[in-house]
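Read the structure below first, then the notes.
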Protein chains: 2
Amino acid sequence: MAAAAPPPPPTPAPEPSMNLLEPTRLDLPIFSRVRLATAEDVPHIHKMIHQMAVFEKLTHLFSATESSLTTTLFNSPPFTSFTVFLLEVSPNPFTTATAAAFPPIERVIHLDLPLVDPERETFFSDKANDITVAGFVLFFPNYSTFLAKPGFYVEDLFVRDCYRRKGFGKMLLSAVAKQAVKMGYGRVEWVVLDWNVNAINFYEEMGAKIHDEWRICRLTGRTIL
Amino acid sequence: MAAAAPPPPPTPAPEPSMNLLEPTRLDLPIFSRVRLATAEDVPHIHKMIHQMAVFEKLTHLFSATESSLTTTLFNSPPFTSFTVFLLEVSPNPFTTATAAAFPPIERVIHLDLPLVDPERETFFSDKANDITVAGFVLFFPNYSTFLAKPGFYVEDLFVRDCYRRKGFGKMLLSAVAKQAVKMGYGRVEWVVLDWNVNAINFYEEMGAKIHDEWRICRLTGRTIL
């Protein structure tokens with residue numbers, strides 16, 4: 001049951017199946033939800049951004065602090081500017097309420113192997129209810145002049161290591177897409193590294209089009225003027 | 001003087017110079033300024049977006065109307081969301097005031113050939129003062145989680161045909177960069193088509209870095225869910 005817990009709780013060993021074509025499997029549900037993040041979530045968001053920098057070997061570019069995140073995020077109503085959706089998981093169904101501006105999207109996934117989260121304690125968002133932060137997506141409105149419509153741009157999509165390859169990335173990205181549709185927006189856009197074939201395949205399977213012909217230009221620091 | 005006027009006003013023919021190394025040149029000043037656009041500028045902005053679609057051979061993607069632009073732009077204080085800077089030109093110095101939120105950036109350029117604007121009448125923003133709209137830039141805040149800082153993303157940069165190759169594109173982009181610095185923002189970003197070598201050279205000369213390794217992904221229309 002405690003899919004996100006280290007060490008996994010004692011689970012009764014399944015009876016060995018006599019049917020070799022269809023062996024008995026464990027059924028370990030993980031209750032997951034996507035909810036709107038608030039300023040209280042900054043410590044967890046900060047840790048995940050750092051993990052993302054480590055993963056991308058870009059820690060030399062990482063200068064965010066909890067304080068600078070708090071100053072720059074959550075200053076506007078959700079969806080009008082920089083917005084964060086948090087992915088939470090729990091071995092138990094969710095009972096606690098969250099921000100009214102966005103009814104959380106819930107899903108139960110079923111694992112056949114116990115999931116060990118070595119950083120469970122660090123990422124508890126609600127210890128009493130055994131709720132752990134497992135990922136986030138940060139997005140904000142962009143604009144298409146041809147459509148005269150806003151869209152959403154996804155700056156970061158991150159799922160913590162032990163929760164990957166379970167559909168959570170898609171759940172986060174879909175949550176943004178659903179919100180875009182709800183608001184009558186025309187597009188959801190993001191960027192991917194050209195060598196990241198796995199990610200490109202994943203996005204294409206979701207129905208995204210990769211626009212090969214565009215290049216990002218950036219003025220930064222001393223070159224900005 | 002009327003650099004933006006068709007037909008050019010009678011200009012006294014310069015005396016032929018006897019100094020062949022340094023021939024006498026005309027000096028035709030164009031007074032130009034970058035100012036914050038308002039809802040009243042929508043008809044001109046709409047026409048320029050259409051011209052951009054024609055230039056890019058993308059009119060099949062163009063569905064913006066004056067009404068849809070009015071509904072989606074100018075709903076927030078400048079710089080907090082979608083923001084438009086307008087480029088205006090005049091044969092005379094500017095005397096009229098504009099929005100207090102952004103003191104206009106002015107510049108005088110000097111031409112040695114008269115400039116004929118075949119659409120001058122269509123693009124008058126202030127006929128009494130002979131002020132014509134010559135271009136625009138649309139931008140909005142984006143966010144870097146590594147820096148925990150907003151930046152600006154430039155969606156469109158457009159200078160009307162007869163005003164190109166005179167430094168106005170740079171003037172518009174610099175205005176955005178200056179505003180970014182003023183607000184303590186970390187970056188200005190935009191995209192360019194990979195085959196548009198002239199544009200890429202222009203941006204690199206301005207100090208921009210082209211990030212070759214990123215690709216744009218887009219979910220749109222029916223694929224968005």
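Lettering of chains follows the sequences in order, A, B, ..., and the numbering in each one begins at 1. In this text the structure is predicted, and so the values were computed from the model without any measurement. Scope of the values below: all heavy atoms of this structure, side chains included, with no hydrogens, waters or symmetry mates.
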Rounded to the nearest 0.5 Å, what separates atom [atom1] in [X] from atom [atom2] in [Y]?
X	Y	atom1	atom2	result
B:Tyr185	A:Thr220	OH	OG1	15.0 Å
A:Cys217	B:Glu204	SG	CD	8.0 Å
B:Asp212	A:Asp194	CG	CG	8.5 Å

Answer yes or no: is there a side-chain heavy-atom contact under 4.5 Å between [X] and [Y]?
X	Y	result
B:Arg215	A:Arg215	yes
B:Trp190	A:Ile216	no
B:His211	A:Arg218	yes

Under 4.5 Å, counting heavy-atom pairs only, tell me which of [options] racks up the most with chain A.
options	value
B:Leu73, B:Val176, B:Thr71, B:Ile45	B:Leu73
B:Leu69, B:Val154, B:Leu193	B:Leu193
B:Phe140, B:Phe152, B:Phe82, B:Tyr143	B:Tyr143
B:Ile210, B:Thr72, B:Val192	B:Val192

Item checked: Within residues 53-62 of chain B, residues adjacent to chain A where the heavy-atom gap is under 4.5 Å -> B:Ala53, B:Glu56, B:Leu58, B:Leu61, B:Phe62
Heavy-atom distances under 4.5 Å only: say whether [X] touches chain B with side chain, backbone, both or neither.
X	value
A:Asp156	side chain
A:Leu138	side chain
A:Glu155	side chain

Item checked: Region of B:Asn142 in contact with chain A, defined by heavy-atom distances below 4.5 Å -> both
Check: What is the minimum heavy-atom distance between A:Gly207 and B:Leu219, and which atoms define it?
Finding: C-CD2, 3.6 Å
Next item on the list: Kindly state each residue pair satisfying side-chain hydrogen bond (donor to acceptor under 3.5 Å, both in side chains) with at least one member in residues 73-84 of chain B, sequence neighbours excluded.
Entry: none
